[in-house]
Protein chains: 2
Amino acid sequence: MKKLPINISMVAAEAGVGVGTVSRVLNGSEQVSDATRERVLCTMARLDYRPLRSASSLSKGRTGAVGILVSGITRPSVIARLEGVIDVLNDAGLDAVVLNAQNRTQLDHHLTSLTDQRRVDGIIVISIGIADERVARIKELDIPLVLVDNDVPNLPRVVIDDVEGGKIATDHLLSLGHRRIGFIGDNSDIAIGTLSSENRYLGYLKALGVAGIEPDFELVVRGPHSSNAAVALGSVLLELGKDRPSAIFASSDTMAAGVIKALHQHGLDVPGECAVIGFDNIEISSILDLSTVRQPLLESGTKGASMMVALLNGEIFEPRRVELPLEVIPRGSSLGNQRKLSIVPLGEVRGHHGLHILQRGG
Amino acid sequence: MKKLPINISMVAAEAGVGVGTVSRVLNGSEQVSDATRERVLCTMARLDYRPLRSASSLSKGRTGAVGILVSGITRPSVIARLEGVIDVLNDAGLDAVVLNAQNRTQLDHHLTSLTDQRRVDGIIVISIGIADERVARIKELDIPLVLVDNDVPNLPRVVIDDVEGGKIATDHLLSLGHRRIGFIGDNSDIAIGTLSSENRYLGYLKALGVAGIEPDFELVVRGPHSSNAAVALGSVLLELGKDRPSAIFASSDTMAAGVIKALHQHGLDVPGECAVIGFDNIEISSILDLSTVRQPLLESGTKGASMMVALLNGEIFEPRRVELPLEVIPRGSSLGNQRKLSIVPLGEVRGHHGLHILQRGG
DNA sequence: TTTCAATTCGGAACCGGTTCCAAGGCATGC
DNA sequence: GCATGCCTTGGAACCGGTTCCGAATTGAAA
């Protein structure tokens, strides 16, 4: 006794109405009398009717899905953004189709697949640089496109001012009296990322310039975007001996974590012998007591997804640029350890997180 | 001059063949002559034809999408699993539709939405406990279901032995001579998670029992699953004065990170005055030099997704359970700092990560 | 030349909702 | 009593691929 799938015409027949009426009930149309609506809803429940999404998609000409393209999904900053995007899309009743590209080949493949199979109504690209011809192709096909963390003109996008971010990070170190400040960044060009790191570097140079400090290019190193790579990169700076920097600006917290490890490995005190500031304010930053530049990661996702929802509803007609604010979060890695010794009061945590401590009775 | 969307019959007409033939070409059918296939492919390219996924879905009765249900997507262990799932699904040409549930209400809503709109061909649930009636419902509807990190009998699932994991973690501390060992876990019941933490706790008790140590329930605390909460939880144990533990097992690396911070705040040496071991081996573990129990997170995702792909292809007919291996990774937080002072050779990193150091010339 | 099978192909029916148009029912106004 | 208009409803046409059946073509065997 295999149950046959119920379709709309069975419901219509069973409820003694036309298929059009059932469809109108499904879509919450106003032009159905309350009595009829009630009867149809009852019948649907009784038959355990479940409408088929793809049939609806075909008729409506919309898939109800949005493609989200990310690269290196495990990066904390990417995830925070992704979370924001997914939450907004889910709330809007849209499917969040996530594609993870490890390299440029895969990126191209995913983009082609998204555009050429018409699987999604729109595309959100997170922290990835896209080739111009790809953008042109998507525009030509009239597929709404939103960029998160990539400042490409003439496209709807959510960005931060990376140059300014790099400047205020460096300014923070300068304000603490540092004059030899190192920079550790990632190779934006090698990966398929954006120019974030490079722009933060520009901000670093700018801050130095304003302060009247000649940049020492011996203090600038770049490598892959990972904590482990940053350990080695940090060591390069630290092994300069008496010429080593008194402070280091890492272009992301992930790399800053590696720098801190390198400092520990060299037996150097943070920030006594070398201060550190990162960028992003991800979860580990507070654990590592790492000074950083906060950017609203979650919000970049929610804003980007909201723009997409608006675009799909035809609410926005011209490209719009949203810039989110930045803020230096000073912590122990630059200020010193007066904070390290302060203990978070238990009561406070209990209040914020609903902490409860269970002591198992024997 | 708005381009009308091209459909299959236009291609057929233009190529001088029937729609059936075009469809066969699209699906790589064998029963098309090479000459005809070539002609059709040319026509498709010339017209820039892009088949509509939803039309195909409707005809084939399959959506080509898999729903992935996660909770707390930002947790590093969840992401690693998610990455594995997404990669395998993408490779198989399936859409990965990600749903993030923050609480039980949202979880129920997402599950209902997935099953009752027939949006996906199968559902993968990551690190979430699901109510029995939900599982029954999904089974009744014949929707393939795979669990990752949740050991529910009679369902295809990828798991680890959490009890054993808790035991080997505790054994590691015991082998180093520790006798007063604290346990810090999370409230699995309050969140919508699985029983992982609780089972690791059982392993902890088991190890103590085998070692002939009476468990001291004063050394057992639980709270929300976050680093910040773990700081406060750790403080509870550390403020026991002379009764404080000489070692702490935290049921996840995220919480272990908080414990280490608490130790620093109390000015206690790790592992001299208190050793720490965590669980998962996420990225920050190596940065923090944190001893841990490695579980194959990425692999749990790839295995689970592979099972789903097999199920959708009708290759597996009976529930199957895959258990992944565990392994203690001893690091500085339990062994001591003989490792801390060893510096990772630069050459090694260069070899593994393609590190290159760029010194900008002026 | 005829027979038979294999290969290739055309096209109608179909998947299951959506939408538009026509029509029925009912109340109101003159 | 009839015209008018609004609300509600039924159902055909349609969205664009897929699949199955029948037919045409080809080649080999008889």
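Per chain, numbering begins at 1; letters A, B, ... match sequence-line order. Excluded from the calculations below are hydrogen atoms, water molecules and symmetry mates; all remaining heavy atoms, backbone and side chain alike, are included.
Judged purely by atom type and a 3.5 angstrom limit, B/Thr21 has no side-chain atom pairing as donor or acceptor with the backbone of B/Val17.
Positionally, the nearest nucleotide of DNA chain C for B/Glu30 lies more toward the 5' end than for the other of A/Asn27 and B/Glu30.
With contacts defined as side-chain heavy-atom distances shorter than 4.5 Å, the pair A/Arg118/B/Arg53 does not qualify. When side chains are defined from C-beta on, B/Val78 does not count as touching B/Glu83, because their heavy atoms never get closer than 4.5 Å.
Of the candidate nucleotides C/dC15, C/dG17, C/dT18, C/dG17 has the atom nearest to the side chain of A/Ala55. Across C/dG10, D/dT9, D/dG11, the shortest atom-to-atom separation from the side chain of A/Val19 is found for D/dG11. Each of C/dG16, D/dT9, D/dG17 was ranked by its minimum atom distance to the side chain of A/Ser33; first place goes to D/dT9.
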Can you tabulate the close N/O pairs, meaning under 3.5 Å, that link protein atoms to atoms of nucleotides 20-24 of chain D?
residue: D/dC20; atom: N4; partner: B/Arg24; partner atom: NH1; Å: 3.0

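A donor-acceptor contact closer than 3.5 angstrom is absent between the side chains of B/Thr194 and B/Asn150. With no hydrogens or angles considered, no side-chain donor-acceptor pair links B/Gln106 and B/Asn100 at under 3.5 Å. Under 3.5 Å, the side chains of A/Thr36 and A/Ser33 contain a donor-acceptor pair of N or O atoms.
Checked by distance alone, B/Ser59 brings a side-chain donor or acceptor within 3.5 Å of a matching partner on the base of D/dG16.
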